[in-house]
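Heads up: the structure comes next, in C-alpha cells.
Just so it is clear: chains get the letters A, B, ... in the order the sequence lines come, proteins before strands, and each one is counted from 1.
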Protein chains: 2
Amino acid sequence: MEEAKILLVDDEQDILDILSFNLIKNKFSVATACNGEQAIEKAKEFKPDLIVLDIMMPKKNGIETCKEIRKIPELKDTAVIFLTAMVDEDSEIHGLDVGADDYIPKPIKPKLFISKVNATLRRLTNREARIVFEDLEINRVKFTVSHKGAEINLPRKEFELFALLASEPGRVFLRQEILDKVWGTEVIVGDRTIDVHVRKIRKKLDADFIKTVKGVGYKFEH
Amino acid sequence: MEEAKILLVDDEQDILDILSFNLIKNKFSVATACNGEQAIEKAKEFKPDLIVLDIMMPKKNGIETCKEIRKIPELKDTAVIFLTAMVDEDSEIHGLDVGADDYIPKPIKPKLFISKVNATLRRLTNREARIVFEDLEINRVKFTVSHKGAEINLPRKEFELFALLASEPGRVFLRQEILDKVWGTEVIVGDRTIDVHVRKIRKKLDADFIKTVKGVGYKFEH
DNA sequence: CTCCTATATTATCAAATTATTAAGCCTACT
DNA sequence: AGTAGGCTTAATAATTTGATAATATAGGAG
C-alpha cells in the first residue's frame, strides 16, 4: 500500500511545522498551504487523501474552502478534517454539515491528531482494496485492473489469480497454494487450468508481470 | 432506506431519555440498552445503523462492547459513536482505534449530538440528497432521475437500486449486497429479480450506466 | 546434445451466469 | 369493482466463463 497523502492548511507556520513533523514521523506524505485559495490549488495537483483545514484563515476561511473542495469531482473521495480554536458549538455543527469528516479542537494534541487522522483514513476505506504500482493498479472494489491508463476487465478467476499473486510481489506461490486460494479446497481442477489462466492474463495485460518458477509455481514481479 | 435505526446504550436512564427524545423528534427510530451485554443482544435483533455507546458502563464497558460489535458480521456496516465524560486524551484515542466512528463529549449538547449523528450516518451510507454527474442527476428527495434534461420517474425498487449503485461509482456491488440493501435481509427474492430491474433501468435511461460484472455483481459507471 | 518433464498454447465444449420476454399477482387509486 | 402500475417469477435465449484435451515448446539433468 502506498502512503497516504495529507494536505495541511493553516496560516500559522508553527502549526504546519509541528503537524508536518508528526505526520512524517508516522509515514505520511505531506504537503502544506497557508490559506484557502492556495489549498484548493495544491489539492488539485497533490490529490491528497485527506485535507486538514484550519477554519480561521485569511483569503478564504476553512468552511468556504471545504465547500469548494466538495464541488471538485476529483476530490470527491478526499476526507476533510477541521482544525478549530472555537469552542463554539455552532461552528462545529457548521463544519460537519458542510461536508467535513471530523474536527480537531485547538490546542492540538499530537497523539489525538494522529489517531483521528488514522481513524478518518481507515473510514475512507478501500486503501487496502487497492494494489498500486507505477503503471498498474488492481482495484478489488471495482474489480478492475488498469495498466498504463487502460482499464482492463478480467473475468473472475483471472482477476482473483492475478490479485493473489500481486498481493505479495516477488513471493512464489506454489501451484497447490494457488489452487487452494483461488479455487478452494473442495473443487478439484487440473494443473493445466492454472497455466491457461496465467496465459490469458499475460495476453490481456500485454506485459509479463507473472513469472514462471518452473517446478514450483508463479510469482508476480513488477 | 427507511428511517435510520439508532441504538442508544447508557446506564443512566436520564441520558437515554433525553437522547431518545431528541432523536425521535428528528424522525429516527430508536432502541435502548443499559449496559454492554444488553447492547450486543439488542444490536443483533434490532440491526441499527448507528450505535451510540457510553464508555463507562457496568457489565461491559463501551470499548469492549465496540470491539465485540466489530466482530459481528451482520453489524460490520454499523457505525459506532462513543459518549464519553472523560476529557482524557487517551480514552479518545482508544475509542477511535477500536473501530468507533466518532465520539461525543459529555455533557451532551443536543444540537451537536444530532448533527454528529447525521454526519456519521451520511458518511456511513454515503447518501446525499442528490447525486449529480454531467448529464445525470439522481434526486433522492424527489425520487427522480434526470438524464440529459429529461426527467424520468423510476418506480421505487428501480430507483433504490440505481441510487445504490450510483452512490459509489465504479464499485462493484455483490448481488447479495444489493439484495440486502435494496430488499432488506428479511425479504427473499430470487436473483433474477435484480436482472429484471437492471434491465428496466437500462431501458428507461436508454444509456448503459450499469455495468455487469459477471459472477460478481453490478456497478455504476459514468 | 538428447531426453524427460514442466509449462505454454490453442481450440473446443460444458457449465455457469445473465438478458430478455411475458405473464401473474398484488396494491393503490379511481 | 375496475384499472394501471409495480414487483416477482418462470421460462427461454444469449453470453461469458472456466476446464480440459491435445499439441507444441522450453528448460534442465545427465
Can you tell me whether the side chain of B/Lys214 and the base of C/dT18 have a donor-acceptor pair closer than 3.5 Å?
no
Looking across every strand, which nucleic acid part, if any, lies under 4.0 Å from B/Val196 by heavy atom: base, sugar-phosphate, or nothing?
base
Do any side-chain nitrogens or oxygens of B/Arg175 fall under 4.0 Å of OP1 or OP2 in C/dT18?
yes
Assign A/Thr212 to base, sugar-phosphate, or nothing according to its heavy-atom contacts below 4.0 angstrom with the strands shown.
sugar-phosphate
Residue closer to the 5' end of DNA chain C, A/Gly215 versus B/Gly217 (nearest nucleotide):
A/Gly215
Any A/His197 side-chain nitrogen or oxygen under 4.0 Å from OP1 or OP2 of D/dT17:
no
Can you tell me the distance, in whole Å, between the NZ atom of B/Lys203 and the P atom of C/dT20?
9 Å
Closest heavy-atom pair and its distance - A/Phe28, A/Val117:
CZ-CG1, 3.9 Å
Taking OP1 and OP2 of D/dC7, is either one under 4.0 Å from a side-chain nitrogen or oxygen of B/Thr193?
no
Where is the tightest heavy-atom contact between A/Leu136 and A/His147, given as atom of each residue plus distance?
CD1-CB, 4.0 Å
So that I can tick it off, tell me whether A/Glu68 and A/Lys60 are bridged by a salt bridge, with the cut-off set at under 4.0 angstrom between side-chain N and carboxylate O.
yes
I need the minimum non-hydrogen distance between B/Glu160 and B/Val182, along with the two atoms involved.
OE1-O, 3.5 Å
In whole angstrom, give the distance that lies between atom CD1 of B/Ile194 and atom P of C/dT17.
14 Å
Determine the contact category for B/Tyr218: base if any of its heavy atoms lies under 4.0 Å from a base atom, sugar-phosphate if only primed atoms, P, OP1 or OP2 are that close, otherwise nothing.
sugar-phosphate
So, is B/Arg199 near the phosphate of C/dT18, with a side-chain N or O under 4.0 Å from OP1 or OP2?
no
Kindly give the heavy-atom pair with the smallest separation between B/Pro110 and B/Ile108, and that separation in Å.
CD-O, 3.4 Å
As a test of your reading of the structure, name each stem of DNA chain D as range with range, where a stem is three or more consecutive Watson-Crick or G-U pairs at under 3.5 Å.
C:1-30 with D:1-30
A/Lys211 NZ to C/dT7 P, in whole Å, measures 16 Å
Using heavy atoms to find the nearest nucleotide of DNA chain D for A/Asn153 and A/Asp191 separately, return the residue whose nucleotide is more 5′.
A/Asn153
With a 4.0 Å cut-off on N to O distance, would you call A/Asp135 and A/Lys148 a salt bridge?
no
Students often get this wrong, so: under 4.0 angstrom with heavy atoms, is A/Leu161 touching a base, only sugar-phosphate, or nothing?
nothing
Protein-nucleotide distance (A/Leu154, atom CG; D/dG18, atom P), rounded to Å:
10 Å
Rounded distance (Å) that lies between atom P of D/dG18 and atom CG of A/Leu179
15 Å
With a cut-off of 6.0 Å (strictly less than), are more than 12 heavy atoms of other residues, nucleotides or ligands near CD1 of B/Ile152?
yes
Send over the distance from A/Ile178 CD1 to C/dT7 P, rounded to a whole Å.
10 Å
Rounding to a whole Å, what distance do you find between A/Glu160:CD and D/dT17:P?
13 Å
Give a yes/no on whether any side-chain N or O of A/Trp183 is located under 4.0 angstrom from OP1 or OP2 of D/dA19.
yes
Tell me whether the centres of the aromatic rings in B/Phe220 and B/Phe173 are closer together than 6.0 Å.
no
Whole-Å gap separating C1' (C/dA6) and CG (A/Leu174)
15 Å
